[in-house]
Amino acid sequence: MLLEEDGREGRIRGKVRFESCHRAEIDRMDKVRVRFAPSPTGYLHIGGARTALFNWLYARHTGGEFILRIEDTDDARNSQEAIDVILDGLRWLGLDWDEGPMSGDPDAPGKGDKGPYFQSRRKEIYLQKVEELKSKGMAYDRDGAVYFRMKKEATIIDDMVVGKVRRELTDREAADPDFVIIRSDGKPVFHLVNVIDDLLMGITHVIRGEDHLTNTAKHIALFEAFGAQAPRYAHIPLILNADGSKMSKRDEGASLMTYPQMGYLPQAVINQLVLLGWTPKGNREILPVEEIIKEFDLPQIHRANARFDMNKLKHINYEYMRKLSMEEFVEKGRKMLESRGVLNEKSDPVFVQKALETCKDKVKTFAELPDYAGFYFTDVLKYDTELIKAEFTSEASNLLKELCRRYSEVEDFVAANLESILKTYAKELGIKVGPLVHPLRLAVTASKSGPSLYHLMEVLGKQIVLNRINSFINNQLD
RNA sequence: GACCCUAUGGUCUAGCGGUUAGGACACCACCCUUUCACGGUGAUAACCCGGGUUCGAGUCCCGGUAGGGUCGCCA
């Protein structure tokens, strides 16, 4: 009734959204049940992960239930491995589900009493429901397939994010609105199984990507054909590449699993994903997930697609890395170094810890560690000739020699001593510390940036530091 | 082609009829500093276009344009 006859619904959109919000409040008198229903394609798309996140957030916000359902109808490309990718991804993000599979085995018992939670194990249910449709005259056979008898008129979709949408028929639908629900090979199609499962699993809110918005007309018709009321819909905008194109499987960062591999923290990824579609009140951006749960709601979700900004993610990740305790940082850093083959069995745990401690709050992701701290764990430094040309002059060689001599006399090889010796020497020469510090760092780490120079030398130890300086000077004389 | 959604700096956004259009990331400069980073200060940078409504429009309406989505016996 809010929609005026002449199609001027745009004029009253503001009002419609308000009404939608209001209705959402009323709907909460029933327990919210939402679901994430991915297809096991072998990877978890970052957009899919955010869809899962929004569903999970809404369930936690409302005290409802979050259900995981595997849409493995296309069994040709399904495997337990592909399902594990999904389960592992959700677990890494910390999105726990109240119902659904607990492992990648479709025949293993899941959690919840509305199963099976694998569509591949629900075929009888679908066929039975199709018979129901046929008996009602809502479905019929044609060309070996089963078609659904779709009404030939526009559909009103009352979406909690987009607002009230009047979806007209496309030209194709105007010619023939009916669509296939069972293929001629006997397999049920997505629209059918999706609706039946949502119906039987008591889903109250469908939160999914906007790419499903126009398909929703089909789904609503199906629900009505079953004599049921359709759930509330909330279509969320898509995540695009940095250049605005659609993010597909091959694109950088499209797969969720690249984020743990690249050394990102799950809290950071969660925070970044939620910001791409929702904004907390009060000009805040970095906020713990508990806080997000408290504030999150559907009507405030953005309407427009967003581009994925890797720089922003790095920044957010850095903020979370700074909050890590030294123990947590060292532990995660150690794992990264191990997985990249920087460490081996003979790496001294105490040395590794001391080395990593000098890197805390210095890198934005754990994946930077192998480069950043690599000099600690190698016997042969690789010097960049361009860097040497830029940083190392002939006079630097003499300065380093003298510095090396003074360091060789140090008994207590600790940062404070190394610092005061260097500064004293610089003062004697009447120069700033730069001309000493830069060549020294280059000689000892083969890099122009890194952890605190004095602390890193302390960790490295007198013998290694002196050796590196000497061999560096000798090499440059060639 | 038909249908649907969207449109504020490079990116993510705040804004809900009257603002010097706010913040974050990125970028640049300077300060701090043993490098990098952090921190601090500052700079550059935006309401897609055209009509309307209104005393007044980023904000409401219409139309373009652009981007995205859907139109499968894919999901």
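Here is how names work: the chains are called A, B, and so on, in the same order as the sequence lines, proteins then strands, and each is numbered from 1.
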For this session: Report yes if a donor N or O on one partner sits less than 3.5 Å from an acceptor N or O on the other, where the partners are the side chain of A/T279 and the base of B/U13; otherwise report no.
Result: no
Problem set entry | side chain to side chain contact (heavy atoms under 4.5 Å, CB included) partners of A/K134, counting only residues at least two apart | A/V130, A/E131, A/A139, A/D141, A/V146
Problem set entry | Nucleotide B/U33, atom P - distance to NZ of A/K448 in whole Å | 21 Å
For this session: Could you work out which one of B/C73, B/G1, B/G23 sits closest to the side chain of A/N283?
Result: B/G23
Problem set entry | Axial cation check for A/Y372 ring with A/K362, 6.0 Å and 45° limits | no
Problem set entry | Side-chain donor/acceptor contact of A/S184 with base of B/C73 under 3.5 Å | yes
Seminar exercise, completed: Hits for side chain to side chain contact (heavy atoms under 4.5 Å, CB included) against A/S420, two or more places apart or cross-chain, chain-then-number order -> none
Problem set entry | Contacts of type side chain to side chain contact (heavy atoms under 4.5 Å, CB included), residue A/E328, not counting sequence neighbours | A/L324, A/S325
For this session: Give the nucleotide from the list B/U35, B/U34, B/C4 with an atom nearest to the side chain of A/K362.
Result: B/U35
Problem set entry | Minimum-distance nucleotide (side-chain atoms of A/N215 versus B/U13, B/A75, B/U35) | B/A75
Taking only N/O atoms, report every protein-nucleotides 25-28 of chain B pair under 3.5 Å with atom names and distance.
{"residue": "B/C25", "atom": "OP1", "partner": "A/H315", "partner atom": "NE2", "Å": "3.2"}
{"residue": "B/C25", "atom": "O2'", "partner": "A/K312", "partner atom": "N", "Å": "3.4"}
{"residue": "B/A26", "atom": "OP1", "partner": "A/K364", "partner atom": "NZ", "Å": "3.2"}

Problem set entry | Interface with RNA chain B, restricted to residues 216-225 of chain A and to heavy atoms under 4.0 Å | none
Exercise. Closer than 4.0 Å, any side-chain N/O of A/R208 to the OP1 or OP2 of B/A75?
Worked result: no
For this session: Could you pull out all residues at least two apart from A/D211 that satisfy side chain to side chain contact (heavy atoms under 4.5 Å, CB included)?
Result: A/L238
Seminar exercise, completed: salt bridge (charged side-chain N to carboxylate O under 4.0 Å, His left out) pairs touching residues 213-224 of chain A, sequence neighbours excluded, are none
Please tabulate, one pair per line, all N/O donor-acceptor pairs under 3.5 Å involving side-chain atoms of residues 450-461 of chain A, not counting sequence neighbours.
{"residue": "A/S452", "atom": "OG", "partner": "A/H455", "partner atom": "ND1", "Å": "2.7"}
{"residue": "A/E458", "atom": "OE1", "partner": "A/A415", "partner atom": "N", "Å": "2.7"}

For this session: Report yes if at least one side-chain N or O of A/R183 is closer than 4.0 Å to OP1 or OP2 of B/A75; otherwise report no.
Result: yes
Exercise. Given atom CG of A/N317 and atom P of B/C38, what is their separation to the nearest angstrom?
Worked result: 14 Å
Problem set entry | salt bridge (Lys or Arg N to Asp or Glu O under 4.0 Å) against A/D309, all qualifying residues, sequence neighbours excluded | none
